Amino acid sequence: MDVAVLTIFPEMFDRFWTHGIVRRAIEQGYLKGDAIDIRAFAEDRHKVTDDRPYGGGCGMVMKPEPLAKALRAARERMPEAVTLMMSPQGRPFSQQAAAELARQRGLIFICGRYEGVDERFAQQFVDDEISIGDYVLTGGELPAMVVVDAVVRLIPGVLGGRDSAADDSFADGLLEYAHYTRPPVFEGRPVPDVLLSGNHAAIAQWRLEAALVRTFLKRPDLLENREFTAQEIAILKKWSKELEDLIKVQSARCTDPLSGRQ
Ligand code: 4HQ
């Protein structure tokens with residue numbers, strides 16, 4: 001995949017391209033990453049990329065001409081690329097959005113600064129606006145890195161079998177199960193027995209239960225529109241039965257006169 005980032009701060013990406021999975025993806029030929037300096041496409045003597053807003057008010061707006069020149073240069077090199085702009089007004093970014101972008105041949109990111117870019121540039125050139133969350137940042141560079149980071153690890157081949165994306169949180173709509181490594185007891189806390197058992201079916205069952213209970217406790221919203229599998233229904237029924245049994249035993253024992261026992 002070809003990635004080009006249009007920014008007035010291309011140096012912000014120098015460290016981004018050279019670490020971890022992103023670096024490995026580049027070295028192994030899965031990713032090409034390029035930060036393009038918008039300022040290099042400004043034609044005046046002072047290389048100005050921003051200007052005061054029409055209608056007055058505070059802040060500055062990114063001028064459309066340098067952006068258009070920079071984008072046309074990028075598109076010439078990558079004619080199949082989709083043009084994305086980072087903006088709090090964009091489509092909320094998600095694991096599913098990342099998976100869709102991972103299927104593209106090329107991505108061009110427009111990173112605004114100040115109050116954003118001239119609206120005519122956005123309307124003329126931007127295919128999709130993406131937001132990484134409901135908060136306001138000082139520029140689109142960090143959001144572009146967030147999106148590239150989430151997308152690159154979903155390009156087939158980038159993660160080996162050792163760190164596959166199949167079990168990721170959100171990959172199947174659930175949070176990921178808890179992880180443990182050595183030692184078997186850390187400051188008095190043991191690793192769950194089943195994980196040491198070598199019984200792979202039991203481990204898979206435990207992990208699904210652990211993912212389900214975590215999601216239920218930490219992010220119940222993720223379960224609201226979920227289509228449960230038969231195995232998940234079985235787990236939920238088992239919990240519900242265990243809870244019912246517990247309630248029966250407890251209410252039989254209960255002597256509190258205000259408890260409303262029937
Ligand atoms: N900004 N998700 C304003 C964001 C943002 C976000 C990027 C700040 C664009 C002009 N981008 N500039 N949240 O807050 O993507």
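Every number for a ligand or one of its atoms is a count from 1 in the order of the listing. Given the structure is predicted, the values throughout are model-derived calculations rather than measurements.
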inquiry  = Please say yes or no: joined through hydrophobic side-chain contacts below 4.5 Å, possibly via intermediate residues, are Leu101 and Leu154 part of one cluster?
reply    =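 As far as the 4.5 Å side-chain criterion goes, Leu154 and Leu101 are not connected within one cluster.
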Regarding ligand 1, does [X] bring an N or O atom to under 3.5 Å of one of the ligand's N or O atoms?
X: Glu115; result: no
X: Gly116; result: no
X: Tyr135; result: yes
X: Gly140; result: no
X: Val136; result: no

At under 4.0 Å between heavy atoms, which part of [X] makes contact with ligand 1: side chain, backbone, both or neither?
X: Cys111; value: neither
X: Val117; value: neither
X: Ser131; value: both

Pull out every atom of ligand 1 sitting under 4.0 Å from any heavy atom of [X], numbered as shown with elements.
X: Gly139; result: 7 (C)
X: Gly133; result: 13 (N)
X: Ile130; result: 15 (O)
X: Ile132; result: 2 (N), 15 (O)

request  = Answer yes or no: is there an ion pair linking Asp2 with Arg77, defined by an N-O contact shorter than 4.0 Å?
outcome  =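 Result for this pair is no, no salt bridge flagged.
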Protein heavy atom at shortest distance from [atom]:
atom: atom 4 (C) of ligand 1; answer: Pro88 CD, 3.5 Å
atom: atom 8 (C) of ligand 1; answer: Leu137 O, 3.1 Å
atom: atom 15 (O) of ligand 1; answer: Ser87 N, 3.3 Å
atom: atom 9 (C) of ligand 1; answer: Met86 O, 3.4 Å
atom: atom 12 (N) of ligand 1; answer: Gly112 O, 4.0 Å

query = In terms of ring plane angle, is the pair His179 and Tyr177 parallel, tilted or perpendicular, where the classes change at 30° and 60°?
reply =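 The rings of His179 and Tyr177 sit tilted, inter-plane angle from 30° to 60°.
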Kindly give the heavy-atom pair with the smallest separation between [X] and [Y], and that separation in Å.
X: Met62; Y: Arg113; result: SD-N, 3.2 Å
X: Tyr114; Y: Asp50; result: CE1-CB, 3.5 Å
X: Glu141; Y: Thr7; result: OE2-OG1, 2.7 Å
X: Ala166; Y: Ala171; result: O-CB, 3.6 Å
X: Ala42; Y: Val48; result: CB-O, 3.5 Å
X: Cys111; Y: Ala144; result: SG-CB, 3.8 Å

request  = Scan side-chain atoms only and decide if Glu80 and Gln104 contain a donor-acceptor pair under the 3.5 Å cut-off.
outcome  = no
request  = Starting from the C-alpha separation in whole Å, work towards a yes-or-no answer on side chain to side chain donor-acceptor pair (under 3.5 Å) for Arg75 and Thr83.
outcome  = CA-CA 9 Å; Arg75 280 184 175 171; Thr83 301; 2.9 Å; yes
